[in-house]
Colleague: 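This is the structure I have questions about; it appears just below.
In listed order, ligands and their atoms are each counted from 1. Model, not experiment: these values are computed from the prediction. FYI, side chains are in, hydrogens and waters are out, and symmetry mates aren't considered; it's all heavy atoms of this structure.
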Amino acid sequence: MRIDIITVLPELLESPFNHSIVKRAKEKKLVEINIINLHDFANNKYKSVDDYAFGGGAGMVMMIEPVFKAIEKLKSEREYDEIIYTSPDGEKFNQKLANQLSLLKNIIILAGHYKGVDQRIRDYLITREISIGDYVLSGGELPAAAITDAIIRLIPGAMSDEQSALSDSFQDDLLAPPVYTRPADFNGWKVPEILLSGHTAKIENWRQEQSEERTNRFRPGLGDKDGEKG
Ligand code: SAM
């Protein structure tokens, strides 16, 4: 899989992909992540990619021309399955969407900035708009990193068996059960006996019950058609 992220702040994306599962997935050649500096596509000597909003008002707007040029260059090199714009008013990102995107071959993620992007970018160049939640961040870099991370851990081989993404929350519309490690007794705070029993079937049963109980308590309706679905 290949993920190209277009940004005005490439520095913000230096670290997120150089650790842990994402780093190992890159080393195993399961994914290639490219950070594209939008300023490289500016057509002025100041390399600026934003301008005042027509009609006035606070905040600068990302211009269409550099974004168009960046996307056209990428599209001339390969075909893309999705060209995503991160936006607070996009469809809400969740595990189901992460699963869908993890099956794609090539995607572009455009990280917005300032007041947002010229609407024509959204109307003519973007195939999908994704929000990571109902709050506003300063830029689309952190959303792009969150989306990319969530996708990559789902690519077969990215995680080892014991880390399997399949047992994480939301995969089956359930929250994950609690986990414990040594010591079994800390200051009198004990690990549930069942986990020390060595009885695999009973442990699995307990985990399933815990998942269901936590889902009912914290996220009732998870998995329903219009809830916050997995
Ligand atoms: N004026 C925009 C609005 O009210 O919807 C917000 C612009 S925000 C300051 C700048 C950029 O950050 C957006 O263009 C978008 O790319 C990104 N962004 C901010 N919050 C986001 C969120 N919750 N999900 C996805 N992207 C977000």
Colleague: Got a sec, which residues hit side chain to side chain donor-acceptor pair (under 3.5 Å) with E129, two or more places apart in sequence or on another chain?
Modeller: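 If we apply the side chain to side chain donor-acceptor pair (under 3.5 Å) test to E129, skipping adjacent residues, the hits are R122.
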Colleague: With a 4.0 Å cut-off, would you call E213 and R217 a salt bridge?
Modeller: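 The answer is yes: the pair qualifies as a salt bridge.
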Colleague: Considering residues, nucleotides and ligands other than Y180, do more than 12 of their heavy atoms fall under 6.0 Å from its OH?
Modeller: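 Yes, enclosed.
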Colleague: Kindly check if the number of other-residue, nucleotide or ligand heavy atoms within 6.0 Å of NZ (K23) is above 12?
Modeller: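 No - once you tally the heavy atoms of other residues, nucleotides and ligands closer than 6.0 Å, there are 12 at most.
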Colleague: Name the residues in contact with ligand 1, where contact means a heavy atom under 4.0 Å away: which are they?
Modeller: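 Lining ligand 1: Y85, T86, S87, P88, G112, H113, Y114, K115, G116, I130, S131, I132, G133, Y135, V136, L137, S138, G139, G140, P143.
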Colleague: Could you give me the CA-CA distance, side-chain angles and deciding distance for K73 and E77, then say whether salt bridge (Lys or Arg N to Asp or Glu O under 4.0 Å) is met?
Modeller: CA-CA 7 Å; K73 177 167 186 294; E77 292 160 358; 3.0 Å; yes
Colleague: Salt bridge check: are D168 and R153 linked by an N-O gap of less than 4.0 Å?
Modeller: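 Yes, this pair counts.
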